[in-house]
Number of protein chains: 2
Amino acid sequence: MVVESGKRRGRGRPKEPIPRSTFLRAAQGIFADAGFQGASMSAIAREAGVSKATLFHHFETKEDLYIEVLTAIASDLGRLVHEAVEDRGNFHERLDRLAEAIIRYLGGTPRAARLLLREFVDAGPFMNSAAALSVATVLDDVVALYQDGQDAGLVVPQDLRHLAATSVALHLHWFAATPVTRHLLGGSPFTPEAIEDRIREVKAQARRLCTL
Amino acid sequence: MVVESGKRRGRGRPKEPIPRSTFLRAAQGIFADAGFQGASMSAIAREAGVSKATLFHHFETKEDLYIEVLTAIASDLGRLVHEAVEDRGNFHERLDRLAEAIIRYLGGTPRAARLLLREFVDAGPFMNSAAALSVATVLDDVVALYQDGQDAGLVVPQDLRHLAATSVALHLHWFAATPVTRHLLGGSPFTPEAIEDRIREVKAQARRLCTL
DNA sequence: GTCTATACGCGGATAGAC
DNA sequence: GTCTATCCGCGTATAGAC
């Protein structure tokens, strides 16, 4: 999946600098497939269709590039969760909205779940950077949603932290643990039909999980 | 956590060969912390208290060592699941037994969940080896349990594959995604009290998840 | 069966031309 | 801003002494 730039770029300052998104897209792919340690800057440069030195010109270190890739995803999800969870409609509507928004995003961005879940397991450069705070915010948003439900007497009187953890696991694992999902499903979870099925199933599971 | 052998081992064939478990334990630790790619044979040898060459004498390649470590865990869990799920007692008893057995194992073997979940996300050497079949068996055991429940009219008429996936995610994520769990819990999930709490919460969640 | 020593490639990162 | 060429360390893996 090499970028087709038609003709090779020559030396010297070009009229059209390579957009940052080119590097980020390539990096997203390689990091998702190989992880932070397994990915090499050479592979990312190759994928982006530039030389390694060019890549190093745009990102001082591999860590910088990795953190930027993960920050973009965490920020997307953070926005999505915050909007879905906001105080419009009753508790169950908010719960449904949350599931649907997350699944459409993770289903439409196949690398996102793998990148995030791997980083959670690795406790790697991103989770050890300041940007990890956005993850904490998302978690707190989810807990707050359940808290609202509990206050309204709609949610079972159980530990909300375990409930929030299950919610995160539920969403990420399906799209990230591809061998497991493929074995169970017998196909890709990223087809449009599979995604619609998933939304239906998760909405039902999420309701039963917390409802009295 | 270096092995204390008292005095250094000399050259030549020793009277007491180093037990294989020494290498496996060390490898488990390093692989769990760094992942397959991130781990180095030097680090594992250091942790085991032997030279790199000695380690390579016992395991031809890093992959061999890694697969053996993961096979041991998958086999432990496979046995546990198979026993817990077997046809003793009613459906809810079997469900509770399953949760308790898995949580005690993962809680008492802090590296297991990380190793397994990371491998699921990586689709690495283990999942591409023949040994991965044991994972498929476990998944099928779980689906079969839910099928029994559905046949008995105790389980909600929903897609059992999504239910099984949630069950796996639920168990692994809590003990594997340590930064997330620690943020939510505000401490380690591996203390005896945290484990008992976890058993209680998961039993309740697992019931609500599938029960009519 | 374990050691020391080493081969060899590939990783991240840099220098300097254009 | 991008290129080619290169440095240097650490990775896996091997050879041969003991």
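Values in this document were obtained by computation on a predicted structure and should not be read as measured data.
- Spacing between atom CZ of Phe23(B) and atom P of dT2(C) amounts to 6 Å, rounded to whole angstrom units.
- dT2(C) atom C1' lies 15 Å from atom NZ of Lys52(B), rounded to whole Å.
- Side-chain nitrogen and oxygen atoms of Ser42(A) include none within less than 4.0 Å of the OP1 or OP2 phosphate oxygen of dC10(C).
- Set against dT14(D), dA5(D), dG12(C), the side chain of Ala53(A) has dA5(D) as its closest nucleotide.
- Donor-acceptor pairing under 3.5 Å, judged by distance alone, is absent between the side chain of Lys62(B) and the base of dG11(D).
- Each of dG12(C), dT2(D), dC3(C) was ranked by its minimum atom distance to the side chain of Met41(A); first place goes to dG12(C).
- If you measure from atom CD of Glu60(A) to atom P of dA15(C), you get 12 Å, rounded to the nearest angstrom.
- Contact annotation for Ala43(B): no contact, since no heavy-atom pair falls under 4.0 Å across all strands.
- For the pair Glu63(B) CD and dT12(D) P, the computed distance is 12 Å after rounding to whole Å.
- Here dT14(D) presents its P atom at 11 Å from CG of Asp64(B), a figure rounded to the nearest Å.
- With sequence neighbours left out, Tyr146(A) forms a ring pair (Phe, Tyr, Trp, His ring centres under 6.0 Å) with no residue at all.
- A straight line from CZ of Phe56(A) to P of dA13(C) spans 4 Å, rounded to a whole angstrom.
- OP1 and OP2 of dA13(D) both lie 4.0 Å or more from every side-chain N or O belonging to His57(B).
- A side-chain donor-acceptor contact under 3.5 Å links His183(B) and Asp140(A).
- Using the six-membered ring where Trp is involved, His173(A) and Phe120(B) have ring planes that are perpendicular, over 60° apart on the 30 and 60° scheme.
- Among the protein residues, Ser51(A) comes within range of the nucleic acid bases, having at least one heavy atom under 4.0 Å from a base atom.
- In this structure, a donor-acceptor pair under 3.5 Å is absent between the side chains of Thr181(A) and Thr178(A).
- One atom, CZ of Phe59(B), and another, P of dT14(D), lie 15 Å apart when rounded to the nearest Å.
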Walk me through whether Phe126(A) and Phe36(A) qualify under ring pair (Phe, Tyr, Trp, His ring centres under 6.0 Å).
CA-CA 10 Å; Phe126(A) 174 74; Phe36(A) 175 72; over 10 Å; no
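- The distance from atom CG of Leu65(A) to atom P of dG12(C) is 11 Å, rounded to the nearest whole Å.
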